[in-house]
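Reading through the structure tokens given below for one structure.
In this text the structure is predicted, and so the values were computed from the model without any measurement.
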Amino acid sequence: QVQLVESGGGLVQAGGSLRLSCVASGSIFSINAMGWYRQTPGKQRELVASITGGGSTNYADSVKGRFTVSRDNAKNTVYLQMNALKPEDTAVYYCNAEIKRTVLGVTTVYWGQGTQVTASS
């Protein structure tokens with residue numbers, strides 16, 4: 001079994017910062033890309049940032065220059081540093097990871113349970 005567990009969400013004032021963490025655990029052979037998505041009620045889940053196994057990153061236009069995604073491959077962990085938070089960043093944030101459980105296994109996308117981020121005006 002594989003689990004992704006997020007932490008670090010919370011309530012901050014607009015302009016503040018938060019750092020999200022997501023740890024993948026369980027039967028894992030390798031992890032390819034890892035990423036962060038967010039969702040608000042009534043809207044589709046949207047990509048915030050992603051990072052490949054080699055460290056290449058991709059960001060939504062709305063967070064470029066404010067958010068930074070990074071990972072620690074030794075710890076199977078992905079981070080999202082969020083600075084200059086805006087009220088429109090308020091959402092439930094989910095991490096995901098493309099994981100192979102065995103050397104010959106297929107790659108499957110796993111999701112965390114989500115963590116609430118609220119930036120108050």
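- Within the 4.5 Å cutoff, the side chain of R45 has heavy atoms near those of the Y94 side chain.
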Which is it for V78 and I31 under the side chain to side chain contact (heavy atoms under 4.5 Å, CB included) test, yes or no, and what are the steps along the way?
CA-CA 11 Å; V78 63; I31 302 178; over 6 Å; no
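- Here the rule is side chain to side chain contact (heavy atoms under 4.5 Å, CB included) with Y59, and of I51, V48, L47, V69 only V69 fits it.
- Here the NZ-OG distance, from K75 to S25, works out to 14.5 Å after rounding to the nearest 0.5 Å.
- Summarising the geometry of G105 relative to K100, their closest heavy-atom pair is O-CE, 3.0 Å, with the distance given to 0.1 Å.
- With values rounded to the nearest 0.5 angstrom, R71 atom CZ is found 14.0 Å from S21 atom OG.
- In this structure, the side chains of F67 and L18 stay at 4.5 Å or more apart for every pair of heavy atoms.
- Between R101 atom CZ and S27 atom OG the span is 4.5 Å, to the nearest 0.5 Å.
- N58 contributes no side-chain N or O that, together with a main-chain N or O of S50, makes up a donor-acceptor pair within less than 3.5 Å.
- Using a cut-off of 4.0 Å between Lys/Arg side-chain N and Asp/Glu carboxylate O, K64 and D61 are scored as salt-bridged.
- Heavy atoms only, all atoms of each residue included: A84 and S17 are closest at N-OG, 4.3 Å.
- Of all heavy-atom pairs between S121 and A14, the closest is CA-CB, 4.4 Å.
- In this structure, V23 is not a member of the same hydrophobic cluster as V2, with clusters built from ILVMFWY side-chain heavy atoms closer than 4.5 Å.
- Nearest heavy-atom pair across L85 and R66 is CA-NH1, 3.9 Å.
- The distance from the OG1 atom of T118 to the CD atom of Q13 is 13.0 Å, given to the nearest 0.5 Å.
- No path of Ile, Leu, Val, Met, Phe, Trp and Tyr side chains, each step under 4.5 Å between heavy atoms, connects Y110 with Y79, placing them in separate hydrophobic clusters.
- Taking hydrophobic clusters as Ile, Leu, Val, Met, Phe, Trp and Tyr residues chained together by side-chain heavy-atom distances below 4.5 Å, M82 does not share a cluster with V92.
- No continuous path of hydrophobic side-chain contacts links Y37 to L4 [ILVMFWY only; heavy atoms under 4.5 Å].
- When the shell of 6.0 Å around CD of Q3 is examined, it contains 12 or fewer heavy atoms from other residues, nucleotides or ligands.
- With hydrogens and angles ignored, the 3.5 Å screen pairs a side-chain donor or acceptor of T90 with a backbone N or O of A119.
- Under the 4.5 Å side-chain heavy-atom criterion for Ile, Leu, Val, Met, Phe, Trp and Tyr, M34 and V117 are members of the same hydrophobic cluster.
- For the pair E6 (side chain) and L20 (backbone), a donor-acceptor distance under 3.5 Å is absent.
- Counting only heavy atoms from C-beta outward, the side chains of I99 and F29 never approach each other to under 4.5 Å.
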Evaluate side chain to side chain contact (heavy atoms under 4.5 Å, CB included) for S120 paired with L11, printing each intermediate quantity in order.
CA-CA 7 Å; S120 63; L11 172 65; 4.2 Å; yes
